[in-house]
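Lettering follows sequence order; numbering is per chain, from 1.
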Amino acid sequence: MQKKLVAIVGATATGKSDLAKAMIKKFNGVAISVDSRQIYRGLDLGTGKDKSFPQKMIDILDAGEKFSVVEFQKKVLDLIEKTFASGKIPFLVGGTGFYLDSIIFERNYPAVAPDENLRKCLSKLTIKELCQKLLQKDTDSARRVGKNKRRLIRALEIIEKTGEKVPKFYARKFRYPTLLLGIEVNRDKLYQRIDERVDERIKLGMIKEVRSLIERGVSKIWLKGLGLEYRAITEFLEAKNTKREMIQGLKFDIHAFSRRQATWFRQYPEIEWLELIEYTKKDKQQLVEKAEEKVHDFVKLLKDEISKKSI
RNA sequence: GCCGGGUUAGCUCAGUGGUAGAGCACAUCACUGAAAAUGAUGGUGUCCCCAGUUCGAUUCUGGGACCCGGCA
């Protein structure tokens with residue numbers, strides 16, 4: 001069995017899950033979620049989790065636990081190998097570009113585990129001070145990192161632990177033959193869909209979900225660190241603003257998030273973009289058909305290559 | 001009808017006698033163990049209309065329109 005990978009990417013609310021659901025059915029695939037927030041149990045409405053079909057990498061941690069790309073990478077690479085062994089195709093689905101990179105490309109992250117104490121200590125310094133500190137030790141990475149406090153701290157953490165400069169690896173070598181399918185939706189329509197979805201989920205009890213997490217003892221700081229729904233609602237529950245303001249602010253935040261995702265995915269020239277014109281059953285079905293074609297061609301192409309080689 | 005207050009960016013509003021700003025929105029970019037995180041960058045305008053004063057008015061004066069209060 002030839003190793004091959006399909007990834008379904010796109011901004012939030014473009015319909016990745018629906019497409020994945022149809023694809024794994026059609027191709028007898030295994031869906032693997034690439035979503036940094038759906039890995040947590042109990043974060044359902046706020047993450048838009050779809051439990052109507054089997055997905056790996058969902059509900060694997062308790063709320064409040066720490067996680068990182070490296071752990072994600074380890075788990076998913078293992079899962080992928082198992083999937084290959086069973087003769088199936090893994091379908092990666094999700095919008096966390098950073099995590100996706102760790103799987104589709106050969107990436108090795110610096111072997112320096114996060115050190116909370118060191119981070120806490122460094123975060124007391126101002127950005128200016130951190131910049132100067134990094135500049136002294138590693139001008140290249142200082143230039144790359146800019147004024148981003150988190151990344152300044154991480155760079156210093158690596159230098160501190162390894163005693164060496166931050167390694168750079170911009171290699172973009174695919175780990176396996178990979179088909180990247182991207183779903184594209186017109187901006188205005190996407191924003192509209194995002195807004196509708198927020199309203200729907202509020203009605204379904206998204207605020208209650210967050211409240212009960214807090215009641216169960218999940219840290220508010222941790223919840224706010226998740227961003228978007230969990231941050232907005234936690235702050236609302238702390239009575240920082242009105243419900244109306246919270247909802248509008250959340251919608252804007254998700255718009256911005258979807259833009260950041262779009263920026264991320266634009267990095268990949270290999271993506272085969274499929275456009276969803278309208279959020280109608282008909283257009284969604286058409287999207288599924290187009291995607292099926294692409295996957296079909298991809299699988300066939302690989303088989304042809306193998307048979308050529310064996311001749 | 002009278003008396004106040006207002007009219008400036010898509011929204012909420014600051015401001016100045018030398019044609020303008022903030023926050024949000026919007027747009028672009030970055031991203032090497034926090035990534036739904038964290039940052040960087042950018043454009044936006046008949047300054048309500050008409051006339052007057054002035055070298056020059058968005059700013060001052062007069063008139064008008066519209067909005068919001070209060071009193072009738």
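Residues A:Ile39 and A:Asp59 form no side-chain contact, since every pair of their non-hydrogen atoms from C-beta on lies 4.5 Å or further apart. Between A:Lys51 and A:Asp44, some side-chain heavy-atom pair lies under the 4.5 Å cut-off. No side-chain heavy atom of A:Glu184 sits less than 4.5 Å from a side-chain heavy atom of A:Leu274.
Interface residues of residues 102-112 of chain A facing RNA chain B, ordered by number: A:Tyr109, A:Pro110, A:Ala111, A:Val112; criterion, heavy-atom separation under 4.0 Å. A heavy atom closer than 4.0 Å to some atom of RNA chain B occurs in A:Arg187, A:Tyr191, these being the qualifying members of residues 172-191 of chain A. The stretch residues 55-80 of chain A touches RNA chain B through A:Phe67, A:Ser68, A:Val69, A:Val70, A:Glu71, each having a heavy atom under 4.0 angstrom from the strand.
Take A:Asp115 and apply the side chain to side chain donor-acceptor pair (under 3.5 Å) test, not counting sequence neighbours, and it matches A:Lys161. A:Asn241 is linked by a side-chain contact (heavy atoms from CB on, under 4.5 Å) to A:Phe236, A:Glu245, A:Met246, counting only residues two or more places apart in sequence or in another chain. Residues passing the side-chain contact (heavy atoms from CB on, under 4.5 Å) test with A:Asp195 are A:Lys251, A:His255, sequence neighbours excluded. Evaluation of the side-chain contact (heavy atoms from CB on, under 4.5 Å) rule for A:Thr178 yields A:Leu5, A:Ile104, A:Phe174, A:Tyr176, A:Leu180 as partners, not counting sequence neighbours.
For the P atoms, the distance from B:U53 to B:U46 is 28 Å, rounded to whole Å.
The stretch residues 197-219 of chain A participates, sequence neighbours left out, in no ring pair (Phe, Tyr, Trp, His ring centres under 6.0 Å) pair at all. Every pair passing salt bridge (Lys or Arg N to Asp or Glu O under 4.0 Å) that includes a residue from residues 116-129 of chain A is listed here, sequence neighbours excluded: A:Arg119-A:Glu157.
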*Contact letters for nucleotides 9-14 of chain B, in which S counts primed atoms plus P, OP1 and OP2 and B counts the base, heavy atoms under 4.0 Å*: ------
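A:Asp283 places a side-chain N or O within 3.5 Å of a backbone atom of A:Glu278 that can act as its donor or acceptor partner.
A close approach under 4.0 Å does occur between a side-chain nitrogen or oxygen of A:Thr263 and OP1 or OP2 of B:C29. Contact between the side-chain N/O atoms of A:Arg144 and the OP1/OP2 oxygens of B:A30 is not found at any separation under 4.0 Å. Considering only side-chain N and O atoms, A:Arg154 lies under 4.0 angstrom from the phosphate OP1 or OP2 of B:G33. Close to B:C26, at under 4.0 Å from its OP1 or OP2, lies a side-chain N or O of A:His255.
Ring centroid separation for the pair A:Trp273 and A:Tyr268 does not come in under the 6.0 Å cut-off.
Here A:Lys173 pairs with A:Glu106 in a salt bridge; the nearest charged N to carboxylate O distance falls below 4.0 Å.
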*Go through A:Asp18 and A:Asp50 one step at a time and tell me if the side-chain contact (heavy atoms from CB on, under 4.5 Å) criterion holds.*
CA-CA 9 Å; A:Asp18 288 347; A:Asp50 183 349; 4.3 Å; yes
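Stem list for RNA chain B (at least 3 consecutive Watson-Crick or G-U pairs, distances under 3.5 Å): B:1-7 with B:65-71, B:10-13 with B:21-24, B:26-30 with B:38-42, B:48-52 with B:60-64.
Other residues, nucleotides and ligands contribute more than 12 heavy atoms inside 6.0 Å of the NZ atom of A:Lys224.
When each of A:Glu157 and A:Phe257 is assigned the nucleotide of RNA chain B with its nearest heavy atom, A:Glu157 is the one assigned upstream, toward the 5' end.
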Please write out the pairs of protein N or O atoms and N or O atoms of nucleotides 38-41 of chain B separated by less than 3.5 Å, giving the distance to one decimal.
residue: B:U38; atom: OP1; partner: A:Arg231; partner atom: NH2; Å: 2.9
residue: B:U38; atom: OP2; partner: A:Arg231; partner atom: NH1; Å: 3.3
residue: B:U38; atom: OP2; partner: A:Arg231; partner atom: NH2; Å: 3.4
residue: B:U38; atom: O2'; partner: A:Asn148; partner atom: OD1; Å: 2.4
residue: B:U38; atom: O2; partner: A:Asn148; partner atom: ND2; Å: 2.5

